[in-house]
Trainee: 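Dropping the structure in here first, questions after.
Indexing begins at 1, ligand by ligand and atom by atom, following the structure's order. Note that these values count all heavy atoms, side chains included, but never hydrogens, waters or copies made by symmetry. All values reported here derive from a predicted model rather than from experimental measurement.
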Amino acid sequence: MTPSPDSRRFPPDFQWGAATSAAQIEGAAHEDGKGPSIWDTFCAEPGRIKDGGNVDVACDHYHRFEHDVELMEWLGLNAYRFSISWPRVQPQGSGGWNEAGFAFYDRLIERLLRANIKPHITLYHWDLPQALQSAFGGWQSRQVASLFAEYAAEVARRFGDRVASIVTMNEPWCVATLGHETGQFAPGLKNRRIATQVSHHLLLAHGLATQAMRSQTSTQLGIVLNHTPAYPAEATEANRRAARLADGMDVRWYMDPLFRGCYPSDVLEHLGDDAPEIRAGDFAIIQAHLDFLGINFYTRNFISEESPSKQAPGALGFTDMGWEVFPLALTQHLVRITREYAPPPLFITENGMANADTLVNGRVADTPRVDYLRWHLEAVAKAIELGADVRGYFYWSLLDNFEWDSGYTKRFGMVHVDYLTQRRVLKDSAHWYRNFIREHAASTQGA
Ligand code: FCB
């Protein structure tokens, strides 16, 4: 077992947080004027969600947010990342605003500020208003990118002066690829041509929203990308080529337009006729100035062209999602994107693991999660020492919650949730994280 990283290796004003998203925790799916989202629809389709679960109640955070902020206070967090449900504040995705929906986020933000916890908002964490899917085919339409910018401007106008940051999109790769190519996520389409067009519209929506928000707020604006660095299994030419293409589709497809104003040529060539339609001026919009970049990191991709079913070695184990624990990739990736893209300040906006946790006599001894956390914080500390400008870390997730197509079968939380009683129990990892944050605070006070 490797030792815990020394908390003094993180800058004094480092932000220690946890992340959640609206659809995964809020519940109250049909209350106070909220409109349906594509995830409400998707969950109702038989066979889509592993345990047949839905987001009607989830963690009931909508009614229990005060208690959930108390848990954050206990943890000693100074930052919290959550998302706004677009259909809660604008039920049709265009037209009228729902004041009751905005009032909920207003109460949450006020409560966080009273606790000295910086609110970090995400505008799109996958719960598109169903009305926009029905009317336009969702993100297939450029029109939705413009409507998103209107929604973004309204949120920025109302909350911009009280929040630490606003993120436009969470993980556009998942929305485009898992939502429209593999069909694993809402809206469940299986069409690569549509998926690439969606990815372009998501980037466009990000750019338009960023422009629109600048006139409403001076808060920090950014985007969150999920990066799963690709490693060739053995260093053969075929594996290297395959890993390079995997990197192109996952990392460069989103980084290049944002930072270089183009899509990577090798991926365009690979896509052939499935490449998206791009209009003149789109890249200038997509390249809107970013104040920070959020990276979500969970694991690596292990690529073997020669024997495609080859398993990653997993010397540090696999999580309950079957994802390899490989923290070295986090250090290497942060250093790489710093070198290749000279990005603005970075945040680890998600990092965490699902574990088959059990509650025994009021305790959850989630030792694998404590290890995962320690190893990944060590990886971040190393990256900072090697020149990556990382300003904060958000553990995914504060609470066990609705894990998309896995329903409630996967537990990512630092806090255990009993879905029958909604009782919350702090896991061992929560105790570890609290101590680590405290240690860091004590060392920086003395500095
Ligand atoms: C990320 C999502 C987040 C959560 C984690 C496990 O891709 O952003 O909502 O489901 O994975």
Side-chain angles (χ1 to χ4, degrees), residues 17-27 37-39 42-43 48-51 53-55 58-59 61 80-86 120-128 167-182 184-186 199 202 206 222-229 249-251 253-254 293-301 318-326 329-330 333 347-357 366 368-369 372-373 376 393-415 417 429:
T20 62
S21 89
Q24 293 177 278
I25 64 165
E26 284 180 3
S37 88
I38 55 172
W39 275 91
F42 195 66
C43 291
R48 293 294 200 182
I49 311 297
K50 203 167 162 191
D51 58 358
N54 63 42
V55 290
C59 304
H61 172 77
Y80 172 54
R81 173 175 179 240
F82 63 97
S83 79
I84 292 195
S85 159
W86 184 356
H120 291 263
I121 287 182
T122 296
L123 293 173
Y124 190 70
H125 204 125
W126 308 354
D127 44 356
L128 188 76
V167 155
T168 52
M169 293 285 157
N170 178 70
E171 304 190 344
W173 180 88
C174 290
V175 177
T177 305
L178 303 182
H180 299 81
E181 185 174 342
T182 67
Q184 192 184 331
F185 284 1
S199 70
L202 291 168
H206 156 76
I223 188 168
V224 165
L225 303 178
N226 55 304
H227 282 170
T228 309
M249 294 197 291
D250 173 55
V251 175
W253 185 258
Y254 295 93
L293 172 66
I295 302 287
N296 292 353
F297 174 90
Y298 288 93
T299 185
R300 67 164 164 171
N301 269 323
F318 294 86
T319 74
D320 201 31
M321 297 295 280
W323 299 347
E324 187 192 13
V325 179
F326 197 75
L330 178 55
H333 187 69
F347 284 83
I348 304 303
T349 32
E350 285 179 29
N351 173 243
M353 73 174 286
N355 189 51
D357 296 320
D366 58 341
R369 184 173 290 106
Y372 185 97
L373 188 54
H376 286 81
Y393 174 91
F394 293 81
Y395 179 76
W396 182 273
S397 181
L398 177 71
L399 306 168
D400 289 340
N401 60 45
F402 175 78
E403 178 47 33
W404 308 115
D405 59 324
S406 299
Y408 295 93
T409 64
K410 302 295 174 192
R411 294 184 177 271
F412 273 91
M414 264 187 184
V415 176
V417 176
S429 56

Trainee: Check Asn226, Ile223, Leu225 against Tyr254 for a side-chain contact (heavy atoms from CB on, under 4.5 Å) and give me the one that passes.
Mentor: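 Per the side-chain contact (heavy atoms from CB on, under 4.5 Å) rule, the option paired with Tyr254 is Leu225, out of Asn226, Ile223, Leu225.
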
Trainee: Tell me: protein heavy atom nearest atom 7 (O) of ligand 1, and distance?
Mentor: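 Sorting protein heavy atoms by distance from atom 7 (O) of ligand 1 puts Glu171 OE1, 2.5 Å first.
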
Trainee: Among all protein non-hydrogen atoms, which one is nearest to atom 3 (C) of ligand 1, and what is the separation to 0.1 Å?
Mentor: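 Looking only at protein heavy atoms, the one closest to atom 3 (C) of ligand 1 is Glu350 OE1, 3.4 Å.
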
Trainee: Describe, in one word, how the ring planes of His125 and Trp404 are oriented to each other, choosing from parallel (under 30°), tilted (30 to 60°) and perpendicular (over 60°).
Mentor: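 The rings of His125 and Trp404 lie parallel, inter-plane angle below 30°.
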
Trainee: Any N or O on His125 sitting closer than 3.5 Å to an N or O of ligand 1?
Mentor: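 Between His125 and ligand 1 (N or O atoms, distance only) the closest approach is under 3.5 Å.
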
Trainee: Where does Asn170 meet ligand 1, judged by heavy-atom distances below 4.0 Å: at the side chain, the backbone, both, or neither?
Mentor: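 Asn170 to ligand 1: side-chain contact only, backbone stays beyond 4.0 Å.
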
Trainee: Could you go step by step and tell me if Asp366 and Ser429 meet the side-chain hydrogen bond (donor to acceptor under 3.5 Å, both in side chains) rule?
Mentor: CA-CA 6 Å; Asp366 58 341; Ser429 56; 2.6 Å; yes

Trainee: Using a 4.0 Å cutoff against the non-hydrogen atoms of Glu403, which atoms of ligand 1 qualify?
Mentor: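 Atoms satisfying the 4.0 Å criterion: 4 (C), 6 (C), 10 (O).
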
Trainee: Give me the nearest non-hydrogen protein atom to atom 5 (C) of ligand 1 as residue plus atom name, then the distance to 0.1 Å.
Mentor: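 Among all protein heavy atoms, the one nearest atom 5 (C) of ligand 1 is Tyr298 OH, 3.2 Å.
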
Trainee: Under a 4.0 angstrom heavy-atom cut-off, which atoms of ligand 1 come close to Phe412?
Mentor: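 So the atoms of ligand 1 that pass are 6 (C).
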
Trainee: Hey, which atoms in ligand 1 end up nearer than 4.0 Å to a heavy atom of Trp404?
Mentor: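 Near Trp404, meaning under 4.0 Å from one of its heavy atoms, ligand 1 has 3 (C), 4 (C), 9 (O), 10 (O).
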
Trainee: Taking only residues two or more places apart in sequence, or in another chain, which ones meet Asp250 in a side-chain hydrogen bond (donor to acceptor under 3.5 Å, both in side chains)?
Mentor: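 Residues passing side-chain hydrogen bond (donor to acceptor under 3.5 Å, both in side chains) with Asp250: none at all.
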
Trainee: Could you tell me whether the side chain of Trp126 and the main chain of Asn170 form a donor-acceptor pair under 3.5 Å?
Mentor: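 It does hold such a pair.
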
Trainee: Is there a side-chain contact between Phe402 and Tyr408 in this structure, where contact means two heavy atoms from C-beta onward sitting under 4.5 Å apart?
Mentor: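 Heavy-atom side-chain distance check passes, below 4.5 Å.
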
